[in-house]
There are 2 protein chains.
Amino acid sequence: MSSGEEPSYDITLLVRDHCLCLHLQRAARAVARRFDQAFRPVDLTNGQFSLLMSLNRPQPPSMTDVSRLLAMDRTTLTANLKPLERRGLVEVASDTVDRRTRRLSLTAAGRELLTAAMPLWRRTHADIEELIGEPGADRLRADLWALS
Amino acid sequence: MSSGEEPSYDITLLVRDHCLCLHLQRAARAVARRFDQAFRPVDLTNGQFSLLMSLNRPQPPSMTDVSRLLAMDRTTLTANLKPLERRGLVEVASDTVDRRTRRLSLTAAGRELLTAAMPLWRRTHADIEELIGEPGADRLRADLWALS
DNA sequence: GGATAATATGTTGATATCAATTTAAATGTC
DNA sequence: GACATTTAAATTGATATCAACATATTATCC
């Protein structure tokens with residue numbers, strides 16, 4: 001006589017096997033760990049690599065630009081910039097026209113570190129793509145894009 | 001005359017458009033935010049929901065069991081349990097045979113909260129599945145599983 | 001041009017994440 | 001049975017994540 005107030009084990013199995021959020025977080029953690037290890041020689045995390053890479057463009061983007069690109073909260077971006085600023089990889093400057101806006105750019109050291117990280121990225125990314133096969137990667141990218 | 005020490009913008013676009021890690025983190029953040037908002041009425045995060053759900057089984061699992069299931073570091077699990085213990089949703093007990101091992105179980109309050117959260121999960125999950133279509137969801141789950 | 005609304009960002013507090021190190025307990029070897 | 005090895009988990013320190021709130025600047029309306 002179970003009271004209706006308790007979730008059955010069947011429901012647990014349903015969530016465990018079907019929850020896209022759980023599957024996403026699992027995979028995100030696993031892949032992040034892999035890239036974090038690969039980037040160890042250049043002392044970068046996967047997120048720091050992606051952030052630096054997103055700043056490598058002709059025109060320095062604003063905080064909001066980058067937070068949208070990375071689908072992260074603005075305040076998270078503020079926090080993530082701090083260690084990179086401390087290490088002299090990134091520069092934050094006020095926009096000359098709109099003084100509310102911050103323009104984010106790589107320093108020379110930042111660009112050099114990105115260059116050093118590229119071979120690590122290529123190797124690790126190739127390993128990961130092998131896990132799902134060549135055609136699967138494009139499909140997966142499209143699915144993930146639709147979710148964010 | 002670029003020095004070869006600077007990553008080209010083309011490479012940036014390649015990484016931005018193809019990096020599975022970036023795509024995964026993006027989607028993981030976006031979906032996590034959605035579930036976090038949905039679970040607001042029961043004061044749970046997506047990760048806390050998944051953790052509680054993973055404890056809803058006949059035999060109380062160990063820390064290592066759960067950390068493997070969620071593909072997270074054991075020390076992360078230790079940290080995540082603390083707020084749930086404080087709220088009386090989870091109990092941690094030493095195994096009677098092997099005193100190194102901790103057995104994790106839900107309290108009655110934990111089970112009730114899970115029950116209250118289920119309708120929120122169903123609704124949110126249905127919304128998310130719509131973003132990628134019915135056949136896509138199974139495919140995506142399989143791909144994500146392969147990565148973790 | 002002064003009050004008001006909208007926009008861009010920062011600060012604080014809580015949880016999440018992992019590596020490196022440490023502690024405690026069980027197992028294996030002799 | 002004593003000592004080394006292995007295993008399970010906790011602690012510490014750094015970064016990551018977001019909501020709620022606060023601040024500064026620009027734009028708008030009258």
Side-chain angles (χ1 to χ4, degrees), chain A residues 21-22 24-40 43-52 60-68 70-87 89 92-104, chain B residues 21-22 24-40 43-52 60-68 70-87 89 92-104:
Chain A
C21 186
L22 174 55
L24 259 175
Q25 307 304 319
R26 279 178 51 96
R29 279 190 289 260
V31 170
R33 269 196 300 270
R34 245 176 127 124
F35 274 94
D36 286 350
Q37 285 176 0
F39 288 136
R40 192 78 59 86
D43 195 21
L44 287 177
T45 65
N46 74 92
Q48 290 173 333
F49 173 81
S50 295
L51 174 49
L52 289 181
S62 70
M63 303 279 299
T64 302
D65 290 340
V66 176
S67 71
R68 282 209 189 107
L70 302 179
M72 73 171 47
D73 196 276
R74 290 176 307 94
T75 67
T76 302
L77 177 58
T78 299
N80 293 359
L81 283 171
K82 288 190 175 172
L84 299 177
E85 266 191 280
R86 266 203 306 277
R87 289 170 63 185
L89 305 175
V92 180
S94 289
D95 188 286
T96 51
V97 175
D98 187 337
R99 280 183 300 176
R100 293 171 301 182
T101 301
R102 312 288 187 179
R103 294 290 164 189
L104 310 176
Chain B
C21 187
L22 174 55
L24 259 175
Q25 308 304 320
R26 278 179 52 96
R29 280 190 289 260
V31 171
R33 269 196 300 271
R34 248 179 124 122
F35 273 95
D36 286 350
Q37 286 176 0
F39 287 136
R40 191 78 59 86
D43 195 21
L44 287 177
T45 65
N46 75 91
Q48 290 174 332
F49 173 81
S50 295
L51 174 48
L52 289 180
S62 70
M63 304 277 300
T64 302
D65 290 340
V66 176
S67 71
R68 283 211 188 106
L70 302 180
M72 74 171 45
D73 196 276
R74 281 192 309 277
T75 68
T76 303
L77 177 57
T78 299
N80 293 359
L81 282 171
K82 287 189 176 172
L84 300 177
E85 266 191 280
R86 266 205 304 279
R87 291 170 62 185
L89 304 174
V92 180
S94 290
D95 188 284
T96 52
V97 175
D98 187 338
R99 280 184 300 177
R100 294 172 303 182
T101 302
R102 311 287 187 183
R103 295 290 164 188
L104 310 176

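No hydrogens, no waters, no symmetry mates; every other heavy atom, side chains included, goes into these values.
- With sequence neighbours left out, N46(A) forms a side-chain hydrogen bond (donor to acceptor under 3.5 Å, both in side chains) with D36(A).
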Heavy atoms under 4.0 Å is the rule here; annotate nucleotides 6-13 of chain D 5' to 3' with B where the base is hit, S where only the sugar-phosphate is, and - elsewhere. -BSBBB--
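- Under the 3.5 Å distance criterion, the side-chain polar atoms of R34(A) are left unmatched by any main-chain donor or acceptor of C21(B).
- Considering only side-chain N and O atoms, R86(B) lies nowhere under 4.0 angstrom from the phosphate OP1 or OP2 of dA14(C).
- R34(A) places its CZ atom 15 Å from the P atom of dC18(C), with the value rounded to the nearest Å.
- Comparing dA20(D), dT17(C), dT17(D) against the side chain of R40(B) picks out dA20(D) as the nearest.
- Between T76(A) and dC18(D) there is a side-chain N or O to OP1 or OP2 distance below 4.0 Å.
- V92(A) approaches R102(A) most closely through the heavy-atom pair CG1-CB, 3.8 Å.
- A straight line from CG of D73(A) to C1' of dT11(C) spans 13 Å, rounded to a whole angstrom.
- For the pair R33(B) CZ and dT17(D) P, the computed distance is 10 Å after rounding to whole Å.
- Annotation: side chain of L77(B) is not in contact with side chain of T64(B) (no heavy-atom distance under 4.5 Å).
- Nearest-nucleotide positions on DNA chain C place Q25(A) closer to the 5' end than the other of R99(B) and Q25(A).
- In this structure, CG of L77(A) is placed 10 Å from C1' of dT9(C), rounded to the nearest angstrom.
- In this structure, V97(B) reaches the sugar-phosphate backbone alone: every heavy-atom distance under 4.0 Å involves primed, P, OP1 or OP2 atoms, never a base.
- Atom CZ in F39(A) sits about 13 Å away from atom P in dA16(D), given to the nearest Å.
- R26(A) is linked by a side-chain hydrogen bond (donor to acceptor under 3.5 Å, both in side chains) to S148(B), counting only residues two or more places apart in sequence or in another chain.
- Looking at residues two or more places apart in sequence or on another chain, you find a side chain to side chain contact (heavy atoms under 4.5 Å, CB included) between A38(A) and T124(A).
- Regarding N80(B), its CG atom lies at a distance of 13 Å from the C1' atom of dA16(D), rounded to whole Å.
- Protein atom CZ of F35(A) is 17 Å distant from nucleotide atom C1' of dC18(C), rounded to whole Å.
- Between dA16(C), dT17(D), dA16(D), one nucleotide has an atom nearer to the side chain of A79(A) than all others, and that is dT17(D).
- The side chain of T45(A) contributes no N or O atom lying less than 4.0 Å from OP1 or OP2 of dT15(D).
- For the 3.5 Å distance criterion, the side chains of R103(A) and S94(A) fail to qualify, holding no donor opposite an acceptor.
- At whole-Å resolution of the value, CG in D36(A) and P in dA16(C) are 19 Å apart.
- The overall bend of the helix from dG1(C)-dC30(D) to dC30(C)-dG1(D), read as the angle between its terminal helix axes built from five base pairs each, is 10° when rounded to 10 degrees.
- The salt bridge (charged side-chain N to carboxylate O under 4.0 Å, His left out) test applied to D73(B) returns no partner, not counting sequence neighbours.
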Tell me, with the steps shown, if L44(A) and R87(A) meet side chain to side chain contact (heavy atoms under 4.5 Å, CB included). CA-CA 11 Å; L44(A) 287 177; R87(A) 289 170 63 185; 4.0 Å; yes
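- Using a 4.5 Å cut-off on side-chain heavy atoms (C-beta onward), Q48(B) and P83(B) make contact.
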